[in-house]
Amino acid sequence: MPHAIIDLGTNTFQLLIAEATEGGGFRTLHDESRAAKIGKGGISDGLIAEEAIQRALDVLTHYRTLTDAHGVPPEAVRPTATSAVRNARNRDEFVRRVREATGFRVEVIDGDREAGLIHRGVSLGTPLGDGISLIMDIGGGSVEFILCDRRRIFYKQSFEIGGQRLTDRFVTADPMPPAQMGRLTDFLDEQLLPLTNAVHQYAPTTLIGSAGSFETLYEMHHVRENGQPAPTDWVTGTLPVADFYHFRAEILTRPRAERLQLPGMVELRVDLIVAGVCLIDFVLRRYGIGSIRVSTYALKEGVLAEMLE
């Protein structure tokens, strides 16, 4: 029987249906992302708004038809909820309504487990060498950081400073005012102090980014470099730092309608990518990292790796 995993992210719900192959690997049968935006209109108040719950149920009802078509019973599907749900006052109501509407039993995980699953997923598709890397997963509600090499994890932590939270607090106009960028930098300096201390100890040389903002930036790089979109099945790639700063300037100086016209940009990412590039810029500058790799594998592949054991 195939396995089905759903990553209930703050901005995007992602479905992965896969089956095990010989040698411990897997073959993807279906991979899909849809905007649910459950953080919109409530995340900063610790709530999943009613409109957001309805968007979630619409996406999950669609996913139920797909898991049924692949022969995965609802009780065998692994829906994993992260920041927006775990911090919501109405999380129990949300989980109950999902189960009533779809039969899916949502697992709400804490930030430490989320970071561990992200590390496991990223390491499936991106070789981790002997040097120390900093894995960074930018979600809508939280951001996970993992310092590691191919042998072990040295540090991992989840921070509740994801793209939707930062957008609600700092992106007060379109394009983002320079004064707000300065306030955001000061905020990150304060919030990420534990990470700063760990980086000083372990000195990573490569940033490995996962999740939407990084994937969009890589897509923009691929279009710029090759004149066409990246293959739909790409798993890992290199994003030149110079290209990141080129895209950063374009993203932060253009209003939404003009950002959407940038080659490689997608509507699903056009709003939260402003906060996303500010986060990436902070990490690169503050920690002196000169190399960026990008992974499409993250939490859902980490959950799948657990299931395949």
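No hydrogens, no waters, no symmetry mates; every other heavy atom, side chains included, goes into these values. Just so we're clear, the structure is a prediction, and the values are computed from it rather than from any experiment.
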**Prompt:** Between the side chains of E32 and H30, is a donor N or O closer than 3.5 angstrom to an acceptor N or O?
**Reply:** yes
**Message:** Strictly below 4.0 Å, N to O, side chains only: are D130 and R151 in salt-bridge contact?
**Reply:** yes
**Message:** For residues 291-301, which residue pairs pass the side-chain hydrogen bond (donor to acceptor under 3.5 Å, both in side chains) check, not counting sequence neighbours?
**Reply:** Q14-K300
**Message:** Can you pull out every side-chain hydrogen bond (donor to acceptor under 3.5 Å, both in side chains) where at least one residue sits in residues 42-54? Sequence neighbours excluded, please.
**Reply:** S44-D168, E50-Q54, E50-R97
**Request:** State which residues pass side chain to side chain contact (heavy atoms under 4.5 Å, CB included) with D271; sequence neighbours excluded, sorted by chain then number.
**Result:** K37, R256, R259
**Request:** Would you check if there is a donor-acceptor pair between the side chains of Q164 and N11 at a distance under 3.5 Å?
**Result:** no
**Request:** Verify whether one side chain among S83 and R165 offers a donor that lies under 3.5 Å from an acceptor in the other.
**Result:** yes
**Request:** Evaluate whether atom CD of E100 has more than 12 neighbouring non-hydrogen atoms of other residues, nucleotides or ligands under 6.0 angstrom away.
**Result:** yes
**Prompt:** Charged N to carboxylate O below 4.0 Å: is that the case for R96 and D92?
**Reply:** no
**Prompt:** Any idea which heavy atoms bring M265 and V270 closest together, and the distance?
**Reply:** SD-CA, 4.0 Å
**Fill in**
Rounding to 0.5 Å, atoms OG1 (T126) and CG (L128) come to a distance of 7.0 Å
**Message:** Hydrogens and angles aside, do S213 and E215 bring a side-chain donor and acceptor to less than 3.5 Å of each other?
**Reply:** no
**Message:** Does S123 form a side chain to side chain contact (heavy atoms under 4.5 Å, CB included) with R150? I'd like the steps, not just the answer.
**Reply:** CA-CA 8 Å; S123 62; R150 64 181 178 85; over 6 Å; no
**Request:** Could you list who else is in L66's hydrophobic cluster, with ILVMFWY side chains joined at under 4.5 Å, directly or through other members?
**Result:** I6, L8, F13, L15, I17, L29, I38, I48, I53, L57, V59, L60, Y63, V72, V77, V85, F94, V95, V98, F104, V106, V108
**Message:** Before you tell me yes or no, could you show the steps for L134 and I208 under side chain to side chain contact (heavy atoms under 4.5 Å, CB included), namely the whole-Å CA-CA distance, both residues' side-chain angles and the distance that decides it to 0.1 Å?
**Reply:** CA-CA 6 Å; L134 174 61; I208 302 176; over 6 Å; no
**Message:** Y218 vs T238, test: side chain to side chain contact (heavy atoms under 4.5 Å, CB included). Steps then yes/no.
**Reply:** CA-CA 8 Å; Y218 180 79; T238 298; 5.7 Å; no
**Prompt:** So, Q228 versus H222: side-chain donor-acceptor pair below 3.5 Å or not?
**Reply:** no
**Message:** Strictly by ring-ring contact (aromatic ring centres under 6.0 Å, His included), give each pair with a member in residues 145-172 just once, sequence neighbours left out.
**Reply:** F145-F159, F154-Y202, F170-F187
**Prompt:** Is R86 salt-bridged to D110, cutoff N-O under 4.0 Å?
**Reply:** no
**Prompt:** Do R269 and T12 have side-chain atoms, one donor and one acceptor, less than 3.5 Å apart?
**Reply:** yes
**Request:** Indicate yes or no: does R113 engage E144 in a salt bridge with an N to O separation below 4.0 Å.
**Result:** no
**Item:** Set of residues satisfying salt bridge (Lys or Arg N to Asp or Glu O under 4.0 Å) with respect to R286, sequence neighbours excluded
**Value:** D189
**Request:** Supply the atom-to-atom distance T67 OG1 to H3 NE2, rounded to the nearest 0.5 angstrom.
**Result:** 14.0 Å
**Asked** Does CZ in R105 sit with more than 12 non-hydrogen atoms of other residues, nucleotides or ligands closer than 6.0 Å?
**Response** no
